[in-house]
Amino acid sequence: LESGVLGNNLGGDGESKEQEEQGDESEEDDEGEAGEPEKKEEEESNDHEAVDEEEPSNLQLAWEMLELAKMVFTDQLEGVNKDALTTDVKSDIEKKLCETFLTLGEVSLENESY
């Protein structure tokens, strides 16, 4: 390779010099392309691991939604407008609150946190 470069500099024709430069560029491109997929794979795996750490489990999400529902139903029963509730509406809210407690218990058993 060095002799080709020296020969071109000492008076070789311009075509061979251009061909060699193109060859050098293609070698650099090949190296860059080979290194890029490895880097991309590493970045994707690192991103995937970071996402896994941040995303809560389905059971945790279910627990949070049920806790929120429990708070809403409790607030409806004991809140400012509790006197405006009819008997039917009040019994429906109490029924939903009881179902929420039962489902919270099931999720707790599933999480093995008694």
Side-chain angles (χ1 to χ4, degrees):
L1 182 67
E2 291 177 11
S3 63
V5 172
L6 291 176
N8 288 339
N9 286 338
L10 295 176
D13 62 336
E15 291 178 2
S16 62
K17 185 176 181 180
E18 289 176 4
Q19 290 174 353
E20 191 167 321
E21 287 177 359
Q22 289 175 355
D24 289 343
E25 289 175 4
S26 66
E27 288 176 8
E28 291 173 4
D29 290 343
D30 292 342
E31 290 173 5
E33 289 175 7
E36 287 178 16
E38 292 175 9
K39 290 179 183 177
K40 288 180 182 178
E41 289 175 9
E42 289 176 13
E43 290 174 3
E44 288 176 5
S45 65
N46 289 341
D47 290 343
H48 186 60
E49 289 174 5
V51 169
D52 288 343
E53 292 174 4
E54 294 173 5
E55 290 182 8
S57 68
N58 288 338
L59 288 173
Q60 185 175 355
L61 290 173
W63 181 267
E64 290 174 7
M65 291 298 116
L66 290 166
E67 282 288 326
L68 180 62
K70 179 183 82 168
M71 290 173 44
V72 168
F73 294 140
T74 304
D75 187 49
Q76 287 178 348
L77 286 174
E78 300 173 355
V80 178
N81 296 329
K82 67 180 179 180
D83 296 332
L85 296 175
T86 63
T87 308
D88 290 336
V89 172
K90 187 175 180 178
S91 66
D92 285 342
I93 294 172
E94 287 174 343
K95 180 180 177 184
K96 290 177 185 178
L97 183 61
C98 289
E99 290 174 356
T100 303
F101 278 120
L102 289 172
T103 310
L104 275 169
E106 291 175 10
V107 171
S108 178
L109 286 174
E110 207 50 50
N111 276 333
E112 297 179 357
S113 57
Y114 312 111

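Note that the numbering runs from 1 along the sequence shown for the chain. In this text the structure is predicted, and so the values were computed from the model without any measurement.
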With rounding to the nearest 0.5 angstrom, report the [atom1] to [atom2] distance, [X] to [Y].
X: Ser108; Y: Phe101; atom1: OG; atom2: CZ; answer: 13.0 Å
X: Thr100; Y: Leu68; atom1: OG1; atom2: CG; answer: 10.0 Å
X: Trp63; Y: Thr103; atom1: CH2; atom2: OG1; answer: 11.0 Å
X: Met65; Y: Lys70; atom1: CE; atom2: NZ; answer: 14.0 Å

Report, one line per pair, each donor and acceptor closer than 3.5 Å where one atom sits in a side chain of residues 80-97; sequence neighbours left out.
from, atom 1, to, atom 2, distance (Å)
Thr86, OG1, Val89, N, 3.3
Ser91, OG, Thr87, O, 3.3
Ser91, OG, Asp88, O, 2.8

Heavy-atom count around Glu110 CD within 6.0 Å, excluding the residue itself: above 12?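 No - once you tally the heavy atoms of other residues, nucleotides and ligands closer than 6.0 Å, there are 12 at most.
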